[in-house]
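All remarks here apply to the structure that follows.
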Number of protein chains: 2
Amino acid sequence: MTAVNCGMIDDMSLQQLQYFVAVAEEQHVTRAAERLRVSQPPLSRQIQALEDELGQPLFERRGRGIVLTEFGRHFATKATAILDHVAAVLADSKRWPS
Amino acid sequence: MTAVNCGMIDDMSLQQLQYFVAVAEEQHVTRAAERLRVSQPPLSRQIQALEDELGQPLFERRGRGIVLTEFGRHFATKATAILDHVAAVLADSKRWPS
DNA sequence: CGTCATCGAGATCAAAAAGGTATTGGACGC
DNA sequence: GCGTCCAATACCTTTTTGATCTCGATGACG
């Protein structure tokens, strides 16, 4: 049907993207965790997992707190676009038949 | 950051979309399962879960085999677009810094 | 400086989700 | 009708995800 979509999309999940965007927006894991209604350690792990899948770090770890890397800022834009795309499709589907 | 992306994207996963697209392309659960390297029952269940999340059926069950509903055809297009989008972002990220 | 509060990461356990095998129920071909 | 094909169901195992507790590190403040 398309050319680019063949094979598995690694193990990246929409949830990881949502988690990442929340942390990126808050620039703060603990606050993002509260917002997402999950506890902080699992959130940290999902971010690490995403970094592993992407092969490069999204955040710099400072002694206290974290800061987006340049790649992290770039990827945050892309991730947000994907989530918006998905949300739009979902909203559209709930209105079916349109 | 955006207007449309607020709240959880239900429980839909990229894997479900991949599974669904495979079944839609094959119009055949068992063949899709072989292609995806999973067994047929889990695949059937993921399709059902996706239908539950969307709130409407993607396939008509005939005595032998399945057929896409009209909504299923519509959604297959959307799902493929999402997967292509994700794959493009992933490919782009692997080339970083570009 | 030294103490304390803050923050993310690690370890461990419990819960939930996904996958596999075996089997059933239903429909089409002959 | 009988055998075959196909998706669905039942049941169990394995993997993944989440929660709690804790540690290590680093700033803030006196």
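Just so we're on the same page: letters track the sequence lines, and every chain starts at 1. It should be emphasised that the depicted structure is a prediction, and the values quoted were computed from it without experimental measurement.
Using a 4.0 Å heavy-atom distance criterion, B:R62 is classed as making no nucleic acid contact. No contact: B:F59 has no heavy atom under 4.0 Å from any strand. Among the protein residues, B:I66 comes within range of the sugar-phosphate backbone only, with heavy atoms under 4.0 Å from sugar or phosphate atoms but none that close to a base. At a threshold of 4.0 angstrom between heavy atoms, the contacts of A:Q15 are confined to the sugar-phosphate backbone, with no base atom among them. Counting any heavy atom pair closer than 4.0 Å across all strands shown, B:R64 reaches a base atom. Across all strands, B:T30 comes closer than 4.0 Å only to sugar-phosphate atoms, never to a base (heavy-atom distances). Residue B:Q40 is classed as a base contact, given a heavy-atom separation below 4.0 Å to a base.
Between A:V67 and A:R62 there is a side-chain heavy-atom pair separated by less than 4.5 Å. Using a 4.5 Å heavy-atom cutoff, the side chains of A:R35 and A:E26 are in contact. Contact annotation: the side chain of A:P42 approaches that of A:S39 to within less than 4.5 Å [non-hydrogen atoms, C-beta and beyond].
The distance from atom CZ of A:F20 to atom P of C:dG8 is 15 Å, rounded to the nearest whole Å. Distance NE2 (B:H28) to P (D:dA8): 12 Å, rounded to an integer number of Å. Atom CD in B:E34 sits roughly 13 Å away from atom C1' in D:dC5 (whole-Å rounding). Atom CD of B:E60 and atom C1' of D:dA8 are 17 Å apart (whole Å). Atoms CG (B:D52) and C1' (C:dA17) sit 15 Å apart, rounded to a whole Å. Atom pair A:L43:CG and D:dA19:P shows a separation of 10 Å (rounding to whole Å applied). Following rounding to the nearest Å, B:R61 (CZ) and D:dT9 (C1') show an atom-to-atom distance of 13 Å.
DNA chain D is contacted by both B:V29 and B:R45; B:V29 maps to the nucleotide lying nearer its 5′ end (nearest heavy atom per residue). Nearer the 5' end of DNA chain C, as judged by each residue's closest nucleotide, is the contact made by A:G65, out of A:G65 and A:Q48. The nearest heavy atom of DNA chain D to A:V38 and to A:G63 marks one nucleotide each, and the one closer to the 5' end goes with A:V38.
No close placement of the A:F59 and A:F71 rings is indicated, their centers lying 6.0 Å or farther apart.
The shortest distance between the side-chain N/O atoms of B:S44 and the OP1/OP2 oxygens of D:dA8 is below 4.0 Å. Side-chain nitrogen and oxygen atoms of A:Q16 include none within less than 4.0 Å of the OP1 or OP2 phosphate oxygen of D:dT17.
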(request) In sequence, state the C-alpha distance, the side-chain angles, and the governing distance for A:W96 and B:F75, and then conclude on side chain to side chain contact (heavy atoms under 4.5 Å, CB included). (result) CA-CA 10 Å; A:W96 187 269; B:F75 190 75; over 6 Å; no
